[in-house]
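Here is how names work: the chains are called A, B, and so on, in the same order as the sequence lines, proteins then strands, and each is numbered from 1. Please read all numbers here as calculations on a predicted model, not as lab measurements.
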Amino acid sequence: MEIVVKSLSKKYSNFLALDDVSFAISGKKCVGYLGPNGAGKTTTLKLLTHLLFPTKGDAEINGYSVTKEYTKALKHVGALVENPNFYPYLTPRELLSQICHLREINKRDIDHVLELVGMDEWKNKKVGKFSKGMKQRIALAVALIGNPDILILDEPTTGMDPQGMAEVRQLIKKLKKEHLIFMSSHLLSEVQDVCDEVIMLNRGKMLLHDKITVINRKFVDKVVIVEFADTIDKAKFPESRYIKEIEMIDEHRIRISISGGLDAQAEVLKSLISAGYRVVSYKPESIAIERAYMKLIGGDGNE
Amino acid sequence: MNEFQKMLVIFRYQFRNYIRGKRILIMFLITFLMALILGLVMIFSVDTSALSSLEFAKMWLAPISFLTVLAAIFFAGDAISGEFHTGTAYYLLPNPVRRESIFFGKYLASFLAALIGIGLYWCVSFGAILYLYGTIKIEILESLGLNVLYLASIIALTYFFSSLFKNSTVSIVMTFIIYLFVFSIVDSIAVFSGFEPWYSITYASQVITLVLTPNYQHIVKISRGKMVFYSFQPYIWEGVVIMVAYLIISTVISLLLFVRKEVT
């Protein structure tokens, strides 16, 4: 299972939506595709699913060109792009049944997939009057049916309630053990939570492609938030050469500015525990991916 | 599964969506009302015993071209544009199926749904003719055949208009205007110019009822003072050629447009 993007460009009239983007992803993992509105995320996903045609370059899925052999390229791909709509007088069961026929897969999974996305109760109702969130769940079911090797998901939690979002994230975490998932999102916490790799994009250009673990190390936060079980006194804090500044948030929490990287953070934590403080939580003020995003894209102004 | 079988899958589900929708009910209602009104007019103002079965059929089938156009607009007007406008393209297109198969599957579904729509009128026609004359002449069956051909070509033309637009409402309204006004104006130009409108599909559609007229004149020239008016009636073969040409050309162009159409 592999997606290879080769110098992909897409121009709409005078607007260059995607500018010579190349990357390759493979194996069982989840790759997040991040960028502000208008960065070219959805354009890329549409090019990968043959909804758009590239101005230059090509993409291959499992070795097949998306432009020249799209029926072979899409054979083992489940896709959820933008906000799909459905034929209003068909039921979720019938919609999935049609997809099963087209992808030549067994229909016995339909009930299971509808249960997985929480739509089994509605499987025989016509989709015409479904809410946006319900349609998004059906769209996810369409992508998942037949257990395809590769999943291309465009902001899969859009339009869902908080519970639905959490369920979908759990589902993606489970699915990435057996699938290659390429997922666009603008929710940094979501990407940090579920993805193994990140590709960042801005103004049609690729800015970064790295593993989350590497990003976590590269973009270390200099500020940590510490929460204690007991009330604390700032004056009695242990001395440490790594602590630049301490600020009280409330009687149980403090914000510490640290000079140094992950080692320095570990030393500060060690000194707090040695001094007898009962630490409940010790975490960076912001997530690494957010810092990477702000550093690479933030200054450019989000459209 | 080969592409032909995939086309049949598309057809099956599209057709199911059409026959469960409100449009088919509206189509039935319009057809029923037309048959009722025409039936009442004929009962109260026409002496059917003085008419031959072909003359009766010709009168009875007068609104069939309009019904055919209406059915085409109902079931094909937004067949392509609707995919892009409503977002169903995001569901259907990212699948391992050629766009050509999707196109023909949809075309077949539109054709069959529209055929059912006008089929009701034909059923009533056959019933009335059998009741009054006891037999169905071959010319009436030929008329049905020509109507089916007209339906196929007018749906192909409607698919062409539908492929041009991305907004389903615009494509339906534009197609409606083109069929009911533009083609009528184009046809009427022939009355003054004396140039046969062989390029018009609505002109060709006259053969549906002309086949019921044993001897008719191809051109009728009427002089009123210095003014000369022309009335053209296509030969049967000519009507068939025009409709087949529309069917082939419209299908090829709309297929090319659909295959290259992007979901932006």
Option in Tyr70(A), Tyr12(A), Phe53(A) with maximal non-hydrogen atom pairs under 4.5 Å from chain B: Phe53(A)
Val142(A) portion near chain B, given a 4.5 angstrom heavy-atom threshold: side chain
Side chain / backbone / both / neither for Arg12(B) at chain A, heavy atoms under 4.5 Å: side chain
Side chains of Gln98(A) and Tyr91(B), donor plus acceptor under 3.5 Å: yes
Heavy-atom neighbours of Lys29(A) NZ exceed 12 at 6.0 Å: yes
Side-chain donor-acceptor contact under 3.5 Å, Thr49(A) with Tyr90(B): no
CE (Met174(B)) with more than 12 external heavy atoms under 6.0 Å: no
Lys72(A), NZ: over 12 other non-hydrogen atoms inside 6.0 angstrom: no
Pair Arg20(B) + Glu94(A): basic N to acidic O under 4.0 Å: yes
Val263(B) versus Leu52(A), closest heavy-atom pair with distance: O-CD2, 3.7 Å
Lys/Arg cation over aromatic Tyr89(A): Arg16(B), 6.0 Å, 45° cone: no
Enclosure of Phe32(B) CZ (heavy-atom neighbours >12, cutoff 6.0 Å): no
For the student: nearest non-hydrogen atoms of Glu3(B) and Thr71(A), plus distance: OE2-CG2, 4.3 Å
Portion of Leu95(A) that has a non-hydrogen atom of chain B nearer than 4.5 angstrom: both
Among Leu90(A), Asn83(A), Val81(A), residue most engaged with chain B (heavy-atom pairs, under 4.5 Å): Leu90(A)
More than 12 heavy atoms from other groups under 6.0 Å of NZ on Lys75(A): yes
Distance (rounded to the nearest 0.5 Å) between Asn95(B) CG and Arg103(A) CZ: 5.0 Å
Between NE2 on residue His101(A) and CD on residue Gln5(B), distance to nearest 0.5 Å: 10.0 Å
Donor-acceptor contact below 3.5 Å, side chain Asn85(A) vs main chain Thr88(B): no
Side chain / backbone / both / neither for Thr42(A) at chain B, heavy atoms under 4.5 Å: neither
Under 4.5 Å from a heavy atom of chain B, the part of Lys135(A) involved: neither
Closest heavy-atom pair and its distance - Leu74(A), Pro96(B): O-CD, 3.8 Å
Heavy-atom neighbours of Ile249(B) CD1 exceed 12 at 6.0 Å: no
Rounded distance (nearest 0.5 Å) linking atom NZ of Lys46(A) with atom CG of Leu93(B): 11.0 Å
Interchain contact, Ser101(B) with chain A, by part (heavy-atom threshold 4.5 Å): neither
Heavy atoms of other groups near Lys173(A) NZ, more than 12 under 6.0 Å: yes
Residue part contacting chain B, namely of Ala139(A), when any heavy atom lies under 4.5 Å: neither
Neighbour count >12 (heavy atoms, 6.0 Å) for atom CZ, Phe28(B): yes
